**Q** 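One structure is given below, represented as structure tokens, and several questions about it will come after.
Chain A is the first sequence line, chain B the second, and so forth, proteins listed ahead of strands; every chain is numbered from 1. Computed from a predicted model, the values in this text were never measured in an experiment. Heavy-atom basis, side chains included; hydrogens, waters and symmetry copies ignored.
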Amino acid sequence: MPELPEVETVCRGLAVRLEGRRLARVLARRKNLRFPLPKDFAGRLTGRTVRTVRRRAKYIVIELDDGAVLLAHLGMSGRMYAAPLGREAEKHDHVEFETDDGTLIVFNDARRFGMMDLIAPGHALEDHKLLRGLGPEPLGNEFSGPVLSAALAGKKTPIKAALLDQRVVAGLGNIYVSEALFRAGISPRRLAASVAGARAERLVPEIKNVLTESIAAGGSSLRDYVQADGELGFFQDGFRVYGRKGLPCPACARPVRQIVQSGRSTFFCGHCQG
DNA sequence: CGCGCTCCCTGGCCGC
DNA sequence: TGCGGCCAGGGAGCGC
């Protein structure tokens with residue numbers, strides 16, 4: 001599901017509802033998500049006040065007043081959204097957070113590829129097992145043509161696979177990689193090392209553009225994704241190639257092609273992307 | 001170490 | 001309607 005724009009949108013929605021609020025009640029209904037929840041998960045969170053909610057790569061980072069951090073990942077089908085207090089729990093509602101002002105935040109995840117963890121006070125976020133080694137934020141100033149070039153140099157994989165590698169750049173997923181490569185006119189099958197240089201200079205702004213446009217649209221809702229207020233995103237209407245097999249390329253009208261690379265679908269225009 | 005593949009899990013859709 | 005097969009936005013872990 002959720003790639004960077006969707007996680008960013010959820011984080012912004014959660015920030016409004018959670019920052020400065022005390023967690024009056026935490027309920028872990030299902031304790032085995034992708035990984036088991038840490039010991040005493042609810043107990044360690046209950047009574048804490050949320051300092052900030054922010055995003056790193058595709059992770060939701062919720063910092064608490066005691067310096068601990070609640071880390072959450074939505075996997076493929078995870079959602080985090082506000083629901084009416086006292087509502088009937090729905091299927092796959094795994095964790096609930098109720099704030100002191102009566103807001104209920106639900107973590108729902110059908111496929112349970114999502115996860116949550118707690119980082120104890122005094123431990124650096126970037127030292128966490130899952131965050132260690134993550135590449136730069138694509139929307140940050142530090143992500144530039146030369147930085148991407150350096151990360152791609154010597155890589156023997158297709159550029160599609162390299163951009164999905166969170167160590168190269170953190171936050172892209174299957175949709176936005178196809179979209180960014182289309183916008184930059186680069187074939188997803190091109191060797192990553194051969195993108196270093198002028199093509200990387202062209203690709204970086206297109207990555208930033210597509211992510212920024214999607215965030216402005218509230219992300220993309222294909223199946224499970226909703227914003228923190230439960231609303232759908234609508235950037236799926238802005239896809240140029242993703243999910244558009246056989247439909248005309250927006251630039252040249254030749255049919256969009258679909259191939260499988262490292263086990264996942266890639267969409268591209270064989271004519272516009274050299 | 002780098003790379004490619006499999007698998008974790010559930011649900012929706014398509015074809016029969 | 002029902003059932004089997006296939007596919008899905010992520011990424012850890014394994015074998016080579």
**Q** Under 4.0 Å, heavy atoms only, any strand: does A:L130 hit a base, just the sugar-phosphate, or nothing?
**A** sugar-phosphate

**Q** Counting side-chain heavy atoms from CB outward, which of C:dG9, C:dA12, B:dC9 is closest to A:E3?
**A** C:dG9

**Q** Whole-Å distance between C:dG10 P and A:I60 CD1?
**A** 14 Å

**Q** To the nearest angstrom, how far is A:L33 atom CG from B:dC9 atom C1'?
**A** 12 Å

**Q** Taking the basic N atoms (NZ, or NE/NH1/NH2) and the acidic carboxylate oxygens, is any pair closer than 4.0 Å for A:R48 and A:E63?
**A** no

**Q** Give me the distances for all protein-to-nucleotides 5-7 of chain C N/O pairs that come in under 3.5 Å?
**A**
none

**Q** When you check the phosphate oxygens OP1 and OP2 of B:dC8, does a side-chain N or O of A:R112 lie under 4.0 Å from one of them?
**A** no

**Q** Look at A:Q166 and C:dG11 and indicate whether a side-chain polar atom (N or O) is within less than 4.0 Å of OP1 or OP2.
**A** yes

**Q** Between B:dG12 and C:dG11, how far apart are the two P atoms, rounded to whole Å?
**A** 23 Å

**Q** Give a yes/no on whether any side-chain N or O of A:H73 is located under 4.0 angstrom from OP1 or OP2 of C:dG11.
**A** yes

**Q** Find the distance A:F35:CZ to B:dC7:P and express it as a whole number of Å.
**A** 18 Å

**Q** Under the rule for side-chain contact (heavy atoms from CB on, under 4.5 Å), what residues qualify as partners of A:P205, not counting sequence neighbours?
**A** none

**Q** Under 3.5 Å, which N/O atoms of the protein pair with N/O atoms of nucleotides 14-16 of chain C?
**A**
none

**Q** Testing the basics here: between A:P188 and A:Q273, what is the closest heavy-atom pair and its distance to 0.1 Å?
**A** CD-NE2, 3.8 Å

**Q** Measure the CZ-CD1 distance between A:R55 and A:I60 for me, rounded to the nearest 0.5 Å.
**A** 10.5 Å

**Q** Show every donor-acceptor pair shorter than 3.5 Å between a side-chain atom in residues 10-22 of chain A and any protein atom, with sequence neighbours excluded, or say none if there are none.
**A**
from	atom 1	to	atom 2	distance (Å)
A:R12	NE	A:E8	OE2	2.8
A:R12	NH2	A:E8	OE2	3.3
A:R17	NH1	A:G13	O	2.9
A:E19	OE2	A:V53	N	2.8
A:R21	NE	A:D100	OD1	3.0
A:R21	NH2	A:D100	OD1	3.3
A:R21	NH2	A:D100	OD2	3.4

**Q** Grab the N/O contacts between the protein and nucleotides 11-13 of chain B below 3.5 Å, and write none if there aren't any.
**A**
from	atom 1	to	atom 2	distance (Å)
B:dG11	OP1	A:K91	NZ	3.0
B:dG11	OP1	A:H92	NE2	2.6

**Q** Partners of A:D93 by side-chain contact (heavy atoms from CB on, under 4.5 Å), sequence neighbours excluded?
**A** A:R29, A:Y81, A:R87, A:A89, A:E90, A:V106, A:N108

**Q** Does a side-chain N-to-carboxylate-O contact under 4.0 Å join A:K58 and A:E6?
**A** no

**Q** Hydrophobic cluster mates of A:L71, side-chain heavy atoms under 4.5 angstrom, ILVMFWY only, any path?
**A** A:F35, A:Y59, A:V61, A:V69, A:M115, A:I119, A:L125, A:L130, A:L131, A:L134

**Q** Which pairs would a plain distance check flag for residues 228-237 of chain A, meaning a side-chain donor or acceptor within less than 3.5 Å of a matching protein atom at least two apart in sequence or in another chain?
**A**
from	atom 1	to	atom 2	distance (Å)
A:D229	OD1	A:E231	N	2.9
A:Q236	OE1	A:S221	N	2.9
A:Q236	NE2	A:S221	O	3.4
A:Q236	NE2	A:G233	O	3.2

**Q** Round to the nearest Å and state the distance from A:D109 atom CG to B:dC9 atom C1'.
**A** 9 Å

**Q** Who pairs with A:A180 by side-chain contact (heavy atoms from CB on, under 4.5 Å), at least two apart in sequence or on another chain?
**A** A:L203, A:I207, A:V210

**Q** For C:dG9, take OP1 and OP2 only and decide whether either is under 4.0 Å from a side-chain N or O of A:Y242.
**A** yes

**Q** Rounded to whole angstrom units, what separation is found between the CG atom of A:L172 and the C1' atom of C:dG10?
**A** 13 Å

**Q** Return the stacking result for C:dG10 and A:F113: yes when the ring centres lie under 5.5 Å apart and the planes under 30°, no otherwise.
**A** yes

**Q** Phosphate oxygens OP1/OP2 of C:dG9: is one of them under 4.0 Å from a side-chain N or O of A:R264?
**A** yes

**Q** Just the atom pairs and distances: protein N or O near nucleotides 2-5 of chain B's N or O, under 3.5 Å.
**A**
from	atom 1	to	atom 2	distance (Å)
B:dC3	OP1	A:K156	N	2.9
B:dC3	OP2	A:K155	NZ	2.9

**Q** If the test is side-chain contact (heavy atoms from CB on, under 4.5 Å), which one of A:L70, A:T52, A:L23, A:L45 qualifies with A:I62?
**A** A:L70

**Q** Pull out every stem in DNA chain C, meaning runs of 3 or more consecutive Watson-Crick or G-U wobble pairs with both distances under 3.5 Å.
**A** B:2-8 with C:10-16, B:10-16 with C:2-8

**Q** Between C1' on C:dG9 and CG on A:L211, what's the gap in Å once rounded to a whole number?
**A** 14 Å

**Q** Rounded to the nearest 0.5 Å, how far apart are CZ of A:R79 and CG of A:D109?
**A** 9.5 Å

**Q** Can a salt bridge be assigned to the pair A:R44 and A:D66 using a cut-off of 4.0 Å between side-chain N and carboxylate O?
**A** no

**Q** With respect to A:T266, which candidate in A:Q261, A:R257, A:R189, A:Q258 satisfies the side chain to side chain donor-acceptor pair (under 3.5 Å) definition?
**A** A:Q261

**Q** Sequence neighbours left out, what passes ring-ring contact (aromatic ring centres under 6.0 Å, His included) with A:F267? Give chain and number order.
**A** A:Y242

**Q** Across the strands shown, which category fits A:F235 at heavy-atom distances under 4.0 angstrom: base, sugar-phosphate, nothing?
**A** nothing

**Q** Before you tell me yes or no, could you show the steps for A:E179 and A:R244 under salt bridge (charged side-chain N to carboxylate O under 4.0 Å, His left out), namely the whole-Å CA-CA distance, both residues' side-chain angles and the distance that decides it to 0.1 Å?
**A** CA-CA 11 Å; A:E179 292 295 313; A:R244 299 180 55 79; over 6 Å; no

